[in-house]
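Step one of this worksheet: look at the structure below.
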Amino acid sequence: MLGKLIKNSFKANASSVYNTYLAMGIIGVIMLILMLVDWTKWGDRGIGLGLAIKVAASAALCLAAFIGVILTFVSVFGEFERNMYSKEGMLTLTLPVKSSSLLFAKWLSGSFWVILSYTALCLCAFGSMLYLIRHSMGIIEDNADYSNIYYLVTEMVRQLSEAAGINAPSLKVVGNLASLYAVSGAIRACVFVLLVYFAVTLSRVRPFSKLGKIGKIIYFFAGFFIIQTISTLVSKLIKIYIVVSESAFTFTMYESDVRLAWDNGFGAFSITDVYVTAVLAAVVFLVTSILIDRKVNVNS
């Protein structure tokens, strides 16, 4: 039964975000075409105009992806409230399944679409930045003055880094660190979705329903503040890091190991706040399930 719930939740959210992704995809294709046109065929004037158009297209592409994230949020959370607490919710909550199963299916589906839209935004922003840097480097290499300035600046940055004792990590280490940040971001996105579901649910419980729509915002930020405060306090008391090298991930609780890792061209990532946030999110999930099962008020 849980599998069917998850499948239906994915279908419901897919239908609500379909038009959003379709519109963003069309805009994205147009922007990519403008970015990939070879403007150098029109000479120096074309190079300048092409660079301006590529910058504008990159900004528009990122803006389209950002709007897609916002619309995905609205669609996912609107679908949750409509399916759980509107007239449709009267049927949903009479299904022969536990409230925790209903919540889990909605949360898993909502988190998937939110993470997907956020990933698309990051890829658009990162890809646009790399493309513009590469395009700019092509222009610089063809101009001796710009090329000399570029190499002078990079050499100065390198010398300053060496003087400060900073050993830049390799690309593989950076990639491993990026994977940890990606996992951390996914976990936080899942917690964000759960907090919104909690706020929407609490706003349907007496006497919390008296605040109306503004109550959802208040309850969300209250939950977010409590979780952040607790995770920050615990992080100051208990520090757990993952030391990242080119071929391994190692746990440590000593800051000396972290400093040594950075000095040797490796990296380190603190996981205490992520771990505590995940544990607190499980508590929020349990509380939300209890509210749905015992306290929630569904509109007739």
Side-chain angles (χ1 to χ4, degrees), residues 1-21 24 67-121 185-206 208-209 211-224 226-227 277-278 280-300:
M1 189 64 180
L2 179 60
K4 291 183 178 179
L5 285 174
I6 294 174
K7 181 180 179 180
N8 290 332
S9 295
F10 269 89
K11 285 184 176 180
N13 282 327
S15 62
S16 63
V17 302
Y18 171 78
N19 292 330
T20 298
Y21 280 97
M24 295 304 103
I67 294 174
V69 172
I70 301 300
L71 293 179
T72 300
F73 284 155
V74 174
S75 299
V76 167
F77 302 142
E79 175 66 24
F80 173 78
E81 186 168 21
R82 181 185 66 80
N83 188 253
M84 293 291 289
Y85 305 129
S86 66
K87 292 181 179 180
E88 185 178 333
M90 299 182 65
L91 176 61
T92 301
L93 295 177
T94 57
L95 294 174
V97 293
K98 296 181 179 180
S99 58
S100 58
S101 297
L102 286 171
L103 179 60
F104 179 79
K106 299 293 182 184
W107 169 73
L108 184 63
S109 175
S111 297
F112 171 81
W113 289 109
V114 168
I115 291 173
L116 181 63
S117 62
Y118 180 72
T119 301
L121 172 61
I187 293 174
R188 295 183 188 281
C190 293
V191 174
F192 179 87
V193 172
L194 185 59
L195 283 174
V196 174
Y197 286 178
F198 165 75
V200 172
T201 302
L202 190 61
S203 68
R204 295 279 179 168
V205 176
R206 296 174 182 174
F208 300 100
S209 59
L211 293 179
K213 294 183 178 180
I214 192 66
K216 300 174 187 177
I217 301 175
I218 294 175
Y219 303 144
F220 168 77
F221 281 105
F224 180 81
I226 292 173
I227 287 180
T277 298
L280 293 175
V283 176
V284 173
F285 182 92
L286 178 62
V287 172
T288 306
S289 298
I290 294 174
L291 292 177
I292 293 175
D293 191 40
R294 303 178 183 179
K295 301 292 185 180
V296 74
N297 177 35
V298 180
N299 289 343
S300 58

Carefully, step by step, assess T201 and F208 under the rule side chain to side chain contact (heavy atoms under 4.5 Å, CB included). CA-CA 10 Å; T201 302; F208 300 100; over 6 Å; no

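- Applying the salt bridge (Lys or Arg N to Asp or Glu O under 4.0 Å) test to residues at least two apart or on different chains, none of the pairs has a partner in residues 281-294.
- Atom CZ of F198 and atom OG of S203 lie 10.0 Å apart (nearest 0.5 Å).
- Here L195 contributes atom CG and Y219 contributes atom OH; the two are 15.0 Å apart, rounded to the nearest 0.5 Å.
- Annotation: F220, atom CZ; neighbour count of heavy atoms from other residues, nucleotides and ligands within 6.0 Å is above 12.
- Put simply, NZ on K216 and CZ on F77 are 12.0 Å apart, with the number rounded to the nearest 0.5 Å.
- Of the possible donor and acceptor atoms, one in the side chain of T119 sits under 3.5 Å from a partner among the backbone N and O of I115.
- For the atom pair CD1 of I70 and CG of L121, the computed distance is 9.0 Å after rounding to the nearest 0.5 Å.
- Between the CG atom in L103 and the CD1 atom in I292 there is a gap of 4.5 Å [rounded to 0.5 Å].
- Across all their heavy atoms, S289 and S100 have their closest contact at OG-CA, 3.5 Å.
- Between F192 and F73, the ring planes lie tilted relative to each other; the angle falls in the 30° to 60° range.
- A distance-only check finds no donor-acceptor pair linking the side chain of S111 to the backbone of L108 [under 3.5 Å].
- Of the inter-residue distances, the one linking F285 atom CZ with L194 atom CG reads 7.5 Å to the nearest 0.5 angstrom.
- The two residues V76 and G110 come nearest to each other via the heavy atoms CG1-CA, 3.5 Å.
- With hydrogens and angles ignored, the 3.5 Å screen pairs a side-chain donor or acceptor of Y197 with a backbone N or O of K106.
- Without hydrogens or angle criteria, S117 side chain to G68 main chain gives no donor-acceptor distance under 3.5 Å.
- Note on ring orientation: taking the six-membered ring where Trp is involved, the planes of W107 and F104 are tilted (angle from 30° to 60°).
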